[in-house]
Each structure stands twice: as C-alpha cells, then as structure tokens.
S.K.: 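Mind looking over this structure? Questions follow.
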Amino acid sequence: MLSIKYIQENKKEVMARLQIKNFEAEAIIKEAIATDNNRRATQQKLDTCQSELNSLSKEIGNLFKSGKVQEANSAKQKTTELKEEIKNLTQELSEYEKQLHNILIRIPNLPNPWINSGKGAEDNVLIRSGGNIPCLDDKSLPHWELAKKYDIIDFELGTKITGSGFPVYKGQGAKLERGLINFFLDEAIKAGYKEVIPPLMVNEDSAFGTGQLPDKDEQMYFVGSDNFYLIPTSEVPVTNIYRDTILNASELPVKNTSYTPCFRREAGSYGKDVRGLNRIHQFDKVEIVRIELPENSYSALEEMVVHVENLVKKLELPYRIMRLCGADMSFTSAMTYDFEVFSAAEKKWLEVSSVSNFESFQANRLKLRYRDENDKKIKLAHTLNGSALALPRIVAALLENNQTADCIIIPAALRSQTGFDKIIC
RNA sequence: GGAGAAAUGGCAGAGUGGACGAAUGCGGCGGUCUUGAAAACCGUUGUCAGGGCGACUGGACCGGGGGUUCGAAUCCCUCUUUCUCCGCCA
C-alpha cells in the first residue's frame, strides 16, 4: 500500500508511474486525496471538541471538590451537546479512514523508474541467459511420462488420495525432492540467510500484510472453522514475522530463508499448462526473504538474483533471466526478475523463480519500520523476496534434460544430497 | 475440553475514578569524571494520526472491541491471548 502522505506530496509522479503498470490512476488518486482531506478536516474538528471536553471535565472536578455542586451540575449539562458532537465526529472520522483504506489498497505499487511499460510478457527484458539446451532424440519423453517410467512421481495416486494437482513422490523421486530442498537451504545458509520454519497456516492479518488479501483470496485454501489460510508461499509467514515491528538500523539487513510446502488453488487456470508438474496445488519451495534499508534494497535485489542464478548454474540447467515490464509485474512489486529454465522435452521455458523488491509497499501494510540512525526518525523498511527455488518445474527440467534411454542423470552438485547419481528403473 | 489467575512503556513492575502518557528499577542514548574503561553522578529516553515556516501545540493510545461516568489504566460487558491445575494426546 502506498502511503497517502507520499501520494499527497507527489501526485503527478505517482500518476505517471502507475501509468507504466497500465493502471488508470487519475480518478482513484483524486478520490484518495479528497478523502484524505476530509479525514484531516474531521480530525481537526474532533480534536478541538475533545480538547474542550477535557478542560470542561477538569473544571467540573474542581467545582465538586470545592463544594460548588450547583455550578458543577450546570457545567455537566454543557457536556451533553459536546459529547453528542464527539460521537458523530468520531464516527465520521472512522468512516473516512475506512474509505481511504479501501481506496489505498486498490492502488498498486509504483514500478521502479527504470521499468518500461510494455503490453505483456512479450515485452519483458532479457537480462542474461546461460547453460546449454540439450539435444534430445525423438524418443525423449516429457517429465510426466518419465515419472511413470521410473515410478518416481505418481499423479493418479495423489488424485485418489486428495484430488488433481497433489502428486505423490516415491522412492528416488522423493529422495530427489528432499535432496533439492536440502541443497537449496544449504546454499541459502551459506549465503548468510537464517533458516526458519514458519507455520503453514496464517491468519487474516498476515495474509493482508503481504498483499494476498483482499484480492487474491480465491487463490488460497481457507480453513473456515478457524479462519486460517494455507500459505501460498512462505513469503507470507516469514515476512509477517516482522509485522508491527520497529527494528534498529543495526539489525538490518534481515536475511531469512525457509522451506515450506505451498498451497495454491490455481482457480481459473484449468487446462493451461497443467500437465505433470507444471501447475500443481501443493508444491515445495525454498524462499529467501530480506528486509533492507531503502538505500540498500536494489543492491540486495541484485545479490538475490546472483544467488538464484548460481543455483540454476550448479544444477546445470539452461536458464534465462527476465526483468518484467510494467504490464507483467505484480500488484505489489516495484521490480521483478523472473527466472526460467528450459525443459527440453516440452520445449518450453518454465518459470522457476521470481525475485522482487517491494520497496516500502508491503512494509506499509505490515507496519514494518526501522529507526534511522542519522535523524532518529522511524521509517518504512524495504522488503524483498525470491524463490530459491520452486521445486516442481526444476524437477521437470532435470528429468527431461538429463534423460537417457535407460536412466536420468543427477547433476554432480546434487549427488551428495541424493546419494545416487542416476535414477533407474 | 473443565476450573482458576492474569494482560500496563524495550524489559521488570507500581498504579482500583480526576493532578497518570503513567512511580520505581533495569536497559538504551547523551554528558561529567578518567590516559582509556568500569563505577559513581547528572540529564534524556514510547507510538499513531493532526495543526504550525518554526520554537512548539492540542488529540488518541495501558491486550482488542463495546459500555457506565462530567471524567476510566482503574468500574461493567465481551472477545483474544498467556500462565497454573485437571483431563486427553503426537
């Protein structure tokens, strides 16, 4: 959420930058400013009334003490009207606050000034690419068939137990999954991230804090009996560790990593890229989350990109890094890099990571602040996160790219984790 | 799940109707002393949204919400959380 103060002070700039996200801003910005002006005027009136009541109350107290009961009682009558007005103004103020809040949460984050607008995914900017795309012969199989051939991932069994999109990993498949999780966690810890294991369900406040609510509630599984949401990413619980917090500047940066399963309903995406592991309802992901001083957040973003790049390099996967254009960026992001790996049998680029700087957008919702060492003022921190990495599509690419006629070769970097160097029948 | 107790500033902990945004201690920050440090002493030290160019200024906040009252940290209702005991249990 953008802060209303910033909007008030930088109206033109805000509108211009929102345009880059193809967001029609003029009407809503005007509405926000008008509502804020009303809010402030109401608060001023209310403050005056309350001040009057306070001093009247003091007077009454003094009158009673000095035994002037008659005068005290007549003074009491004066408060009736004031109290009525205070009641009305309080209600009015809370109405304006609610209104303003409802407006502000509909305004997306400002894209970083470097970002070009674009029309969609086709306008994303290729930053770097690496690795070699393998040449597979005609008999190469897509990963879902490899999964069946080697009996390592069972989609039908998951459908029986739960429903579609809940695969069962078996034998070497399970070990590969666990090995990848350990590999990603170990790499993150080596890079200075602290591992945390958060709850897999969050309350409404947390889901709001990172921006999943109110708009994306249909993407999350909801446990109605307790009003909890199953996390769609560990970004939600891990970032919310710092909700309603004021950190000392010396505590920054905060660098956390966490492995969790992620749960996504994927409502509305049926039939689209859903074969095999490409889009499933429960999947494993290792996430990196950072809280930074504003002046450091972009160098942190670059560091995170390098970290993720090293992971795909070590896995020897062909990859490319795209910087998203305004039109393709998420509501909450100021700058996002997507990582894609090439899955050779499907002949498709698969998104395996998204690394974003949210600047102060999440922090404002979360009330995540720090004390500036120079002017001692409390300011919003910057939050960033990225997948490092999401497992299913990595597994898909590993299976497809490394297949031979009778086995699947495990990349060297992973063998100490899996304990085997190839998957066989 | 049953019974009881509690929730106050960074922490500990006082405060049961007005002078309390809140004693005191610890911690933090600044200073005096010291070659330096410690100790001692002095000062300072919450958040939120306002008004004012500013020095400042008035408002709200004692777990959340509601109520009683001229006036609430204090009384009442309700919710949440924590602790203790009992029951059940990985």
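To find a chain, count down the sequence lines: A is the first, B the second, and so on, and within it residues start at 1. Keep in mind that what you see is a predicted model, and the values were worked out from it rather than measured.
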S.K.: Starting at atom CG of A/N248, determine the distance to atom C1' of B/G46, rounded to an integer number of angstrom.
M.R.: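 The answer, rounded to whole Å, is 14 Å.
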
S.K.: Does the structure show a Watson-Crick or G-U wobble partner for B/G21, both distances under 3.5 Å? Name it, or say none.
M.R.: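 Paired with no nucleotide.
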
S.K.: Please state the C1' separation for the pair B/C76 and B/U16 - nearest whole angstrom.
M.R.: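 B/C76 and B/U16 have their C1' atoms separated by 14 Å.
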
S.K.: Is A/E145 salt-bridged to A/K149, cutoff N-O under 4.0 Å?
M.R.: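 Salt bridge: no.
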
S.K.: Between A/E287 and A/Y193, do the side chains contain an N or O donor and an N or O acceptor separated by less than 3.5 Å?
M.R.: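 No pair is found: no donor N or O on one side chain lies under 3.5 Å from an acceptor on the other.
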
S.K.: Could you let me know what B/A90 is paired to, Watson-Crick or G-U wobble, both distances under 3.5 Å, or none if it's on its own?
M.R.: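 None - no nucleotide pairs with B/A90, as no candidate has both distances under 3.5 Å.
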
S.K.: What is the distance, rounded to the nearest whole Å, between atom CZ of A/F228 and atom C1' of B/U80?
M.R.: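 Distance, rounded to whole Å: 12 Å.
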
S.K.: Could you measure between the two P atoms, the one in B/G46 and the one in B/A22, and give it in whole Å?
M.R.: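 That atom pair is separated by 10 Å.
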
S.K.: Any luck finding a side-chain donor-acceptor pair between A/Q8 and A/N37 under 3.5 Å?
M.R.: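 A/N37 and A/Q8 do have a side-chain donor-acceptor pair below 3.5 Å.
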
S.K.: Tell me which nucleotide, if any, is Watson-Crick or G-U wobble paired with B/C83 when both distances must be under 3.5 Å.
M.R.: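 Across all strands, the one nucleotide that pairs with B/C83 is B/G4.
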
S.K.: B/U45 and B/A38: how far apart are their C1' atoms, nearest whole angstrom?
M.R.: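 It comes out at 23 Å once rounded to the nearest Å.
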
S.K.: A/S297 and side chain to side chain donor-acceptor pair (under 3.5 Å): which single residue from A/E292, A/R290, A/H382 fits?
M.R.: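 Exactly one option meets the side chain to side chain donor-acceptor pair (under 3.5 Å) with A/S297, and it is A/H382.
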
S.K.: Is the closest basic N to carboxylate O distance between A/K87 and A/E84 below 4.0 Å?
M.R.: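 Looking at A/E84 together with A/K87, the answer is no, because their closest N to O distance does not fall below 4.0 Å.
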
S.K.: For a quick check, with a 4.0 angstrom heavy-atom cut-off, what is the B/S/- contact string for nucleotides 65-77 of chain B, read 5' to 3'?
M.R.: -----BS------

S.K.: Measure from the side-chain N and O atoms of A/S3 to the backbone N and O of A/Y6, and report whether any donor-acceptor pair falls under 3.5 Å.
M.R.: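 The answer is yes, because a donor-acceptor pair under 3.5 Å joins these two groups.
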
S.K.: Looking only at atom C1', what distance separates B/G66 and B/G4, rounded to whole Å?
M.R.: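 Between the two C1' atoms, the distance is 26 Å.
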
S.K.: Pairing check on B/G43: which nucleotide meets the Watson-Crick or G-U wobble criteria with it, both distances under 3.5 Å?
M.R.: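 Result: B/C29.
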
S.K.: Closer than 4.0 angstrom, basic N to acidic O: yes or no for A/R40 and A/D36?
M.R.: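 A/D36 and A/R40: salt-bridged.
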
S.K.: Assess whether a salt bridge exists between A/E13 and A/R17, defined as any Lys/Arg side-chain N lying under 4.0 Å from an Asp/Glu carboxylate O.
M.R.: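 Looking at A/E13 and A/R17, the cut-off is met.
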
S.K.: My understanding is that a pair needs two contacts under 3.5 Å, Watson-Crick or G-U wobble. By that rule, which nucleotide pairs with B/G59?
M.R.: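 Base partner found: B/C48.
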
S.K.: Rounded to whole Å, please give me the gap between CD in A/E251 and C1' in B/G10.
M.R.: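 My rounded result for the distance is 11 Å.
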
S.K.: Provide, to the nearest angstrom, the distance between the CG atom belonging to A/L63 and the P atom belonging to B/G18.
M.R.: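 After rounding, the reported distance stands at 17 Å.
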
S.K.: If the sugar-phosphate is the primed atoms plus P, OP1 and OP2 and the base is the rest, what is the B/S/- string for nucleotides 47-60 of chain B, using protein heavy atoms under 4.0 Å?
M.R.: SSBSS------BSS

S.K.: Please name the nucleotide paired to B/U69 by Watson-Crick or G-U wobble geometry with both distances under 3.5 Å, or report none.
M.R.: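 Paired with no nucleotide.
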
S.K.: Could you tell me if the side chain of A/V289 sits less than 4.5 Å from the side chain of A/T383, heavy atoms only?
M.R.: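 Side-chain contact under 4.5 Å: no.
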
